[in-house]
Amino acid sequence: MRDAACDTGVIIADAVALAELPGGTGHERVRIDWLHKRLAAAPGSRHVDGVGNLVWTFGPPPYRLAVLAHVDDVFGEQTARGVIRRDGWLCGPGIGDNAIAVATAVAVIERALAGPAEKPLAVVFTVGEEGLGGLRGARHACRELVPEAVLALEGHGSDRVFTDAVGSLRVRLTVTGPGGHSWWDRGRPSAVHELVRLLTGMIASVPAPLSVNVGLVDGGTGVNAIAARASATVEWRATDQAALDRQEAALDELATEVSPGLRLEAERLDRRPAGSVPLTHPLVAAVLRARRAVGLPDATGDGSTDANAALAAGIPAVALGCCVGEDMHAPTERIRADSIAAGAGQLQAVLAEILD
Ligand SMILES: [Zn+2]
């Protein structure tokens, strides 16, 4: 494997080009097409799989390692895209999560595997990692490729290795009832009042180790109408899958606790499995050796990434950040330009540890 350091100028140019293309979850096609063209002269072979991932392989299966980097981001069509460079930072929606990780994978792997020798490596640029994408791309890739280990690349967070996968359960709760006039029908049950009561209880008594977030609420038709409908999207997170399973089971009981005259529907929007890889696993040891070689710290932590899909499929996986960033998922998202080289060096060293 070649050792020469990657040109961070190329990485930055690719990351900026990607971040400026539309690529919200479910709309990844433009970026996948761009990558397909970008890699036209690269070693290995590439195809778009059944769910829209771009799969890049360096030989036939079995694969010792699959590197996953998601191409989607949280920004929809309403977001004005554009990246600016200021005071050592690259700023713009999607630059850190996850354009820089995709660009780092392209640059490192294109260079490191330039020789004719086959390597037991698959690289997958995945769809559906963010929002309600359900890790669609990563789940499909793990099923199809069955690699021995998975490395999920994220832009932000090169200060630690993500060995614990935070799982989540996302649900839309909808209360429906008869509605009516706020005065003449007073006493009738209100969907909004009931939803507020249920949410208040959930927030006040979220069982450890779960976190809860009511992210969206809507309902009712006017100030003088008893609401006939109210809904909220709720997300619970934990690194403990059993706690998430208990919460999901509790949703069925909730439907029986609703006040007379009202109905509650709990629609499961997304389940992201929790999991972890033991710190003693050879994959973690290889990653930590590689990080020491490029001066990155040994710290470990938790995250919610494509690695969740691998761990749920029984495949050991860690997620790695490629640089240092701030304001992830906000329009002011930004990354430090001088942290990109260490992220690229880290990936290069991990590949050498695992493949050579
Ligand atoms: Zn991400």
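We count residues from 1, following the sequence as given. Counting starts at 1 for both ligands and their atoms, in listed order. Every value quoted in this text rests on a predicted model; they were computed, and no experiment measured them.
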- prompt: For the Zn ion (ligand 1), does an N/O/S atom of H70 lie at less than 2.8 Å?
  reply: yes
- prompt: Of all N/O/S atoms in D97, which lies nearest to the Zn ion (ligand 1)?
  reply: OD1
- request: Verify the distance test for E129 against the Zn ion (ligand 1): any N/O/S atom under 2.8 Å, yes or no.
  value: no
- prompt: Under a 4.0 Å N-O cut-off, is there an ion pair linking D49 with R139?
  reply: no
query: So, is E154 placed with an N/O/S atom under 2.8 Å from the Zn ion (ligand 1), counting both backbone and side chain?
result: yes
query: Going by distance alone, is a donor N or O of one side chain under 3.5 Å from an acceptor N or O of the other, for S259 and E194?
result: yes
- prompt: Would you call R31-D73 a salt bridge at under 4.0 Å N-O?
  reply: yes
Salt bridge flag under 4.0 Å for residues R170 and E235: yes
